[in-house]
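Data first, discussion second: the structure below is written as structure tokens.
Both counts, for ligands and for their atoms, begin at 1 and track the order of listing.
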Amino acid sequence: MTSSQSPQPAQHRPGSEPGRQKLDPHIDRYAARTAGMTASEIRALFAVASRPEVVSLAGGMPNLAALPLDSLSAQMAELVAEDGLVALQYGSAQGVPALREQICEVMAMEGITAHPDDIVVTVGSQMGLDMVTRLFCDPGDVVIAEGPSYVGALGSFAAYQAQVVHVTMDDDGLVPEALREALAQANQQGKRVKCLYTIPNFHNPAGVTLSVERRAEIVEICAENDVLIIEDNPYGLLGFDGQTYPSLRSLDPDNVVYLGSFSKTFASGLRVGWVLAPHAVREKLVLAAESATLCPPTLNQLVVSKYLATHDWKGQIKTFRENYRERRDAMLSALEQHLPAGCTWTQPEGGFYVWVTVPEGVDTKAMLPRAVTARVAYASGTGFYADGLGSRQMRLSYCYPTPERIREGVRRLAGVLESEMELMRTFGSVTSRAVSGPQFPGPDTA
Ligand code: PMP
């Protein structure tokens with residue numbers, strides 16, 4: 001959608017056909033921008049994939065089993081008993097000051113020097129993504145993003161009617177030359193590129209990491225072209241060897257908006273993340289946060305703050321890393337052992353995901369119902385692109401299941417792929433039309 005598109009007359013609105021109208025009597029009332037808001041494929045998948053008989057390699061839920069629940073619950077009780085009138089009250093729109101200071105210490109682990117004044121605490125980094133898009137993107141503005149990219153970010157960009165242009169990655173992350181080309185092409189087409197959205201570390205979904213050499217180059221390209229960088233870094237401390245990389249923000253503090261989160265390093269359900277903005281942006285960001293939530297939840301912020309002050313949080317991250325490394329190893333060796341020839345995959349050195357490419361002719365979206373029937377689920381690649389690519393790819397998550405379940409899931413997946421390829425050899429390309437599988441149940445029927 002472009003900025004020249006104005007709201008359409010009611011009878012022509014997207015989705016306002018008579019059948020749809022019956023389903024939703026409000027269909028003609030929605031703002032034009034809602035046309036881009038569709039349920040992600042991954043959300044539809046969650047309901048089916050969470051059945052116990054299905055090995056889900058689809059979702060990206062952090063594995064929280066190693067958290068010290070007893071001491072955390074004692075601490076939470078203490079917080080309410082001793083500080084309840086603060087913890088249960090509204091707080092500052094920008095977030096609890098003590099927590100913002102602690103966030104500076106967390107970010108220092110990745111080379112960032114920041115002032116607590118430039119941090120805005122958010123309800124997960126997802127809220128940060130929403131706010132930053134709201135602040136910077138008009139309908140039709142271009143956001144450049146890696147292809148594939150994080151589903152939740154694509155959702156935010158669609159909600160604000162920004163146009164996503166994907167640039168390719170290789171094993172060293174985003175390819176600078178591809179970025180240059182995308183910028184030149186957008187320029188030629190008279191489009192305004194506002195931002196580069198990037199996940200430099202242990203990418204979701206690609207599992208790759210941007211090489212150190214490329215970081216400076218990408219920062220430079222963006223500065224030269226007047227393009228703001230949105231650096232999304234929820235996995236940066238989950239390198240399996242404890243390795244960290246210089247953040248883009250540390251290379252150009254004035255042109256990078258940095259998104260951080262406690263979802264992967266502590267507890268996703270607390271929904272505590274943050275934005276570190278260039279100083280000049282901070283005020284608008286606080287206003288945007290205020291209009292979204294008034295203030296982030298005080299109790300949850302105090303829980304995180306107390307946890308950071310009293311627990312060995314670095315030791316806890318190390319434990320998480322070890323758990324994820326064991327699962328990554330189980331997945332990679334199972335892929336090596338079971339997947340048919342012609343499949344390739346990335347080799348993540350941290351984070352949660354492996355990105356698999358299947359042989360030409362196999363369509364991972366069409367294959368999914370057959371995989372679920374075989375009791376394994378994955379996220380098909382098309383959900384990670386704004387432009388329909390990804391049908392030969394899938395994301396496999398190793399973060400949540402046990403290593404045994406991961407091995408079993410990959411074994412089942414390999415069986416499905418084998419029979420898909422057998423059908424392909426017999427009948428040519430396999431699509432949902434060519435081979436009927438069971439109806440894939442949506443969230444309502446699961
Ligand atoms: N960015 C990326 C790349 C993610 O993978 C996720 C969660 N899967 C988020 C942002 C959102 O994280 P949260 O809102 O839990 O902080």
Take every heavy atom of [X], measure it against each atom of ligand 1, and state whether any distance is under 4.0 Å.
X    : answer
F262 : no
P234 : yes
K264 : yes

Heavy-atom count check: over 12 atoms from other residues, nucleotides or ligands less than 6.0 Å from D387 CG? yes

Within the side chain of R215, is there an N or O that forms a donor-acceptor pair under 3.5 Å with the backbone of S247? no

Counting N and O atoms only, with roles assigned by atom type, does the side chain of E217 sit under 3.5 Å from a partner on the main chain of E177, one being a donor and the other an acceptor? no

Using every non-hydrogen atom in the two residues, find where D172 and R214 come nearest and quote the distance to one decimal. O-NH1, 3.3 Å

Any chance the side chains of R33 and Y160 put a donor and an acceptor closer than 3.5 Å? no

For [atom], what is the nearest protein heavy atom, given as residue, atom name and distance?
atom                    : answer
atom 14 (O) of ligand 1 : R271 NH2, 2.8 Å
atom 12 (O) of ligand 1 : S125 OG, 3.3 Å
atom 5 (O) of ligand 1  : Y235 OH, 2.6 Å
atom 2 (C) of ligand 1  : D232 OD2, 3.4 Å

Could you tell me whether [X] and [Y] make a salt bridge, using a distance below 4.0 angstrom between a side-chain N and a carboxylate O?
X    : Y    : value
R249 : E110 : no
R405 : E408 : no
D118 : R100 : no

Tell me whether N204 has any N or O atom under 3.5 angstrom from an N or O of ligand 1. yes

State the atoms of ligand 1, each with its element, that fall below the 4.0 Å cut-off from a heavy-atom position in [X].
X    : result
I199 : 3 (C)
S261 : 13 (P), 16 (O)
S263 : 13 (P), 15 (O), 16 (O)

